[in-house]
Each structure stands twice: as C-alpha cells, then as structure tokens.
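Have a look at the structure below, then the notes.
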Amino acid sequence: MQTTVFFPLPEYLLPWFYANQRNLPWRQSKNAYAVWVSEIMLQQTRVEAAKAHYIRFMQALPTVFDLAACEDETLMKLWEGLGYYSRARNLKKCAQQVVEEYGGVFPSDKKLLQKLPGIGEYTAGAVSSIAYEQKNPAIDGNVLRICARIEGNFAPIDSVERKRALYQKLQSVYPDAAGDYTQSLMELGALICLPETPKCNICPMQGRCVAERDGLQSTLPVIPKKAEKKKVTLSVFVLKTPKGILLCKRPDKGVLAGMWQFPNVEVDPKNPLSLKMQLGGLGIKNYTVLKEQGHTHVFTHLIWDMTAYLVETSDMPPAFLSFSLQELEQNVSLATAFKWCLRLL
Ligand code: SF4
C-alpha cells in the first residue's frame, strides 16, 4: 500500500458520512459564527456535553453582534463548566474584531481567520471549510490518529513536520464538498476509528488501511510520553460571614483567569503553615473552623490537591466580596474547580 492511499479517501468517507452522520445542533447551520462557536466548544469538551452548552449559548447570543456586545459576566455564566475561561474571553474579543473589521461577517480566507484572537490553524481550517467550502483541512488529534493508521505512519503524532506533510497530502485530495469532508474525518475519529477500540469491521476504510491490514491499531499513532503534571496543594477557605460568603477574583492571567473563587492559599505540603497563619494572611483573625473536606481537581497540565475549610468569621477583609448562597449558585461565574466546595455549606 502506497501513500497514494489518500487519493481514494473522500470517495469512501463522504458516502459513509452522508449515511451515518450524527444529528448535532451545530450541523443545522453552516453559518460561520455558529461553526466557530461549536468548534471552540468542542475543543473544550466532548460532543455530548457540548450540545447543551451550544444550544444555551446560541439562544442567548444568536449572532456575532450579540456576543461582541454581551456583558463579561453573562459570557462567563454561559461558558461555565467548559473550563479554559481565557478561550471565552478570546471569543468575545474575536467577535468584536469581526464586527469592527469585517462588519460582522467572518472572513473566508484561512490566513485572515488565523489573525483573529483565539483562532488557530485547526479552527481556521474548520471554519473556512465547513462555512465557506474552502479546501482547507482541519487537523486535530483525531485526524492525526486516523491518518497515521490508514497510512501506516510511525512519525510521532505531535511532530510539526508530520502535521505539515499531512496537511499538504490531505489538501491535495480535498473534494468540492470541503465542509462535509472535514466533518467526515471528524466523524470517523469520533464514531469508528476510536483511540482504544477502533471498529475496523464497520469502517469505510476497511481493506484500505495499513493499520487494519497489519494489525497495528494499538501501535499507531505513535504518541510521545507526556510530561508529568505539576501538583499544587491548596487550602481553600469557604468564609461564612453575617453578610454572606466571601469570594475574590482570580488574577487576569494564568489558570482560570478572572474567574470568581473562594479565597485560597498555596501550601508547601512538606512544610505547611498553620491554619492560623494561612487565615491571618488573608486578613481573618477571629474565626471558627466548622468542617473540612479534600478534593483533587485535574487540569490538562496541572493537578490541584485541595482541602477546603468551612470557616465562620465576622471579619470582612476588603479584598473580598460577599454573596448569598443563592447568588453563588445562580448568578456568579464561580470557577468549576471550586464548585465542589459548595457541598460544605
Ligand atoms: S480500518 Fe480500523 S484502523 Fe483503519 S481507519 Fe478504519 S477503524 Fe481506523
């Protein structure tokens, strides 16, 4: 089997896609705004979880003009549960730029799309092909996996050269139905050519795939070992005061930038400060600790090992704002990593 294996790809994938594609809310429209929102969400979460978020988001902000003009707090609330809040902020910045520079119409040119905030090569490929039928591949981990298996390619999946070569190879076979082809590759990765258990017996590429022919499904793609995640130990304080529960905002940069959080202190697990010292550092001198509970939150590159303390106090340091429990649950965009602490209340 030669690398020309790519030439018949659209011929086999498109008919399979038309017969088997899932009915997903973002497939109801090829509007660039809708495609873009769905693609950014799908980078954050699985399809099933993205569905409800997408519907809610599009009902609240149906056009790029609505997103460009929305309140930050509304946006954060709509984004809640998706993580990576910097992406939500970039979403709004991008919408504002599309409104100001392009009169609210996303450009169809991939290079222009890539100049917009938060739009990388993958998203630009997806938006330009799905919304504008431009013959631009959108290569993500799924597409890399499928193609490594079909071709029998042993290059590491994160290699820049491999990605570049694959882009050219895929682009050379892109059919006129570019958007459907982009989605057919995504669909094959989501439904058939699964990472652990590829369903070769019902795959449209059966009989045309090196991995299937040579039994290399569990060998390919070649995935380099990931660096170990950094572990951070945090004490989190749920401070219950007569005026309500105290929160503060996270810094504008870094993990969960700009989100609301319970006051917390990073602790050296080998040499932890006493609770009195930790609370004193936050400006809490008079207090009673009522309960404590532990929890681990895993980010892509980071693990937070947290212990939360429910603390009753009458101190109100000016760095914090107070909220009722109802406000916390309904109106405040509390970072998901801290939501479990509500169980203490
Ligand atoms: S035949 Fe198997 S390994 Fe090859 S693309 Fe299909 S599911 Fe993946």
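Both ligands and their constituent atoms are indexed starting at 1 by order of listing. All residue numbers in this chain count up from 1 along the given sequence.
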Is the shortest distance from a Lys or Arg side-chain nitrogen in Glu212 or Arg149 to a carboxylate oxygen in the other one below 4.0 Å? no
Taking atom CD of Gln28 as the centre, report whether more than 12 heavy atoms of other residues, nucleotides or ligands fall under 6.0 Å from it. yes
Report the relative orientation of the aromatic rings in Phe237 and Tyr309; use parallel for angles under 30°, tilted for 30 to 60°, perpendicular for over 60°. parallel
Protein N, O or S atoms under 2.8 Å from atom 6 (Fe) of ligand 1: 1
Under-4.0 Å salt bridge between Lys163 and Asp158: no
Give a yes or no on whether Lys276 atom NZ has more than 12 heavy-atom contacts from other residues, nucleotides or ligands under 6.0 Å away. no
Ring geometry between Trp340 and His295 (parallel below 30°, tilted from 30 to 60°, perpendicular above 60°): parallel
